[in-house]
Protein chains: 2
Amino acid sequence: MSEDKRQTSRRKTSAGSAELDLPEATVARLPEYLRALHALAEIGRDTVSSEDLAAAAGINAAKLRKDLSQLGSYGTRGVGYDVELLTSQISTVLGLTENRAVALVGIGNLGHALAGYAGFSPRGFRIAALFDIDEGRLGETIGGLLVRHVSEIADVVVTEGISIAMLTTPPHAAQPVADMLVEAGVTSILNFAPCVLSVPEGVDVRKVDLAIELQILSFHEHRKATARTATPESASPKTASVNPPPPSPATAPGIAFSDQAENA
Amino acid sequence: MSEDKRQTSRRKTSAGSAELDLPEATVARLPEYLRALHALAEIGRDTVSSEDLAAAAGINAAKLRKDLSQLGSYGTRGVGYDVELLTSQISTVLGLTENRAVALVGIGNLGHALAGYAGFSPRGFRIAALFDIDEGRLGETIGGLLVRHVSEIADVVVTEGISIAMLTTPPHAAQPVADMLVEAGVTSILNFAPCVLSVPEGVDVRKVDLAIELQILSFHEHRKATARTATPESASPKTASVNPPPPSPATAPGIAFSDQAENA
DNA sequence: TTTTGTGAACCGGTTCACAGCA
DNA sequence: TGCTGTGAACCGGTTCACAAAA
């Protein structure tokens, strides 16, 4: 972990396509910029300043500029960034030009919901295979896709060209399933099971744990609550709006939402 | 943002309960330690070294020790940490001693799954109210809980003592709903809608965006793919196991998973 | 004049290595 | 002797402020 340190690497490698070595923090924000750009394109903007784009992405402008400069400067001073150009630039860097096939293993409560989620396709992904181990689920089709037995993972991953999988099994099944996926050639896993996954080098794992997210919020609630009792200057336990003024005054009448989190 | 800098604050404030000022990175890891501790307790361990606990949480030992030392040293040198003591200590810090009531707004695909998710209660949370705007869903009960109209948010949040909400509406509905929640007294929101939320100061928002997670993985896939073609020394597109040896040799027969990500 | 791109300062967090305690 | 607690070095990332370009 502490060999040489002269990896100042930037820009291209051998291949013609720009092979940059982006900071992980930047990579994590690029998708947010992409979403904001799509929203801007939607409303007809064809150029945008770092200030505006940053606001749309919920980031500050300096950070955004530094991030974008890492990809090699696609803005025009005095003007801003070309929405379309920047969109395609970020899409390319993220490898979203091809629609990536994703496998989903564990068709339970959550897996079922993800299988039916329409928001993936417009953002570069296509759920290409569903797996479970429960006999009772095997015949079922969800969104026109058959639920197959986990023993078919090896075959299907290869034939469908899948390299990314989402894991929504119970925790005790997660490690063996992850092993199967890796064995089959999957090199990226999005793990929803509340457990740590051990994978060989070269395989990326990202974890989504809803209870952990709530627990982090709980900590801040706890802190706010004790701070409130410790400083009893204001009796009302309400908010303390300072920076971003709450836009609509609540109780908006006609919202009309039918399904869950779609695409922006 | 840059006033005085002598906020070396640690340990207690006025109230008797230890009011520490933990680094955000530490807070984000405490839930993982907690999960690991539960797993250790399950298998009968009543004491654990920083090395072992770190491994169980997927963190390195030095980081874990520094994190735990922030809470005020609950280990015994030469021995390790008492599992039960540490568990209760972390639970207290995270404010998980009371079972927190959580509201869920947007009973679509994903919302439905979360409403039925059994994994929250053993980790400190209880879904106490469901809301939607769609007339067609209003009568429905999920897990014994009635789906109410969003207009009832104000009432129910107060009577149920709710301070945390999960938002699983489509993006265009997210901001107005967030405003209603904040207005009603909610001070923490877990947002699953792919959009930025604007809230007054004092309200915490955490975001979970599945497509973003996939896009981050996509970036690394892209990088791995180009690296592979750029360095064609090995023809096989398989893994390169080095550090953690994959435990089970894949194709495990009897896993038996019926529902999705439960608790550890 | 406007807005980008970026060097430099700054800061939070991680890693290291070892002193201190059981 | 073994393992924790922590100062110090280190590092990635953020913020600042301004020079350069359109």
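Computation of the quantities below employed the complete heavy-atom set of this structure, encompassing side-chain atoms and omitting hydrogens, waters and symmetry-equivalent molecules. Just so it is clear: chains get the letters A, B, ... in the order the sequence lines come, proteins before strands, and each one is counted from 1. Note that the structure is predicted; figures quoted are calculated from it, not measured.
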Is the phosphate of [N], meaning OP1 or OP2, less than 4.0 Å from a side-chain N or O of [X]?
X	N	answer
Ser50(A)	dT3(C)	no
Arg65(B)	dC16(C)	no
Tyr81(B)	dA22(C)	no
Asn60(A)	dT15(D)	yes

- [ ] Select one nucleotide: of dT14(D), dG13(D), dT4(D), the one nearest the side-chain heavy atoms of Lys63(A).
- [x]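 The listed nucleotide nearest to Lys63(A)'s side chain is dT14(D).
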TODO: Give the nucleotide from the list dG13(D), dG5(D), dA8(D) with an atom nearest to the side chain of Pro23(A).
DONE: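 Looking only at side-chain atoms, Pro23(A) lies closest to dG13(D).
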Task: Cationic N near anionic O, under 4.0 Å, Arg223(A) to Asp204(B) - done: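 No, Arg223(A) and Asp204(B) are not salt-bridged.
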Open item on the list: For the CD atom on Glu84(B), are there more than 12 heavy atoms of other groups (residues, nucleotides or ligands in this structure) within a distance under 6.0 Å?
Closed with: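 Counting neighbours around CD of Glu84(B), 12 or fewer heavy atoms of other residues, nucleotides or ligands fall under 6.0 Å, so no.
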Open item on the list: For a quick check, tell me whether the side chain of Lys66(A) and the base of dT15(D) share a donor-acceptor pair closer than 3.5 Å.
Closed with: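 Check passes, donor-acceptor contact within cut-off.
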Open item on the list: Pick the closest DNA chain D nucleotide for Val79(A) and for Tyr74(B) by heavy atoms, then say which residue is nearer the 5' end.
Closed with: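 Mapping each residue to its closest nucleotide by heavy atoms, the 5'-most match is Tyr74(B).
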TODO: Would you indicate what Glu24(B) reaches in the nucleic acid, counting non-hydrogen atoms under 4.0 angstrom: base, sugar-phosphate, or nothing?
DONE: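 Touches sugar-phosphate only.
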- [ ] Return the value, rounded to whole Å, for the distance between atom CD of Gln70(B) and atom C1' of dT4(D).
- [x]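 It is 14 Å, rounded to the nearest whole Å.
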TODO: Check for a donor-acceptor pair, side chain of Thr76(B) on one end and backbone N or O of Val79(B) on the other, with a separation under 3.5 Å.
DONE: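 Side chain of Thr76(B) to backbone of Val79(B), a donor-acceptor pair under 3.5 Å: no, none is there.
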Open item on the list: Using a 3.5 Å distance criterion without hydrogens, assess whether the side chain of Ser218(B) forms a donor-acceptor pair with backbone atoms of Gly95(A).
Closed with: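 Yes; judged by distance alone, with no hydrogens or angles, the pair exists.
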- [ ] Could you check Ser49(A) against Gly78(B) and say which one's nearest nucleotide on DNA chain C is further toward the 5' end?
- [x]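 Whichever sits nearer the 5' end wins; that is Ser49(A).
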- [ ] Hey, which sits more toward the 5' end of DNA chain C by its nearest nucleotide, Thr26(B) or Arg77(A)?
- [x]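 So the residue in question is Arg77(A).
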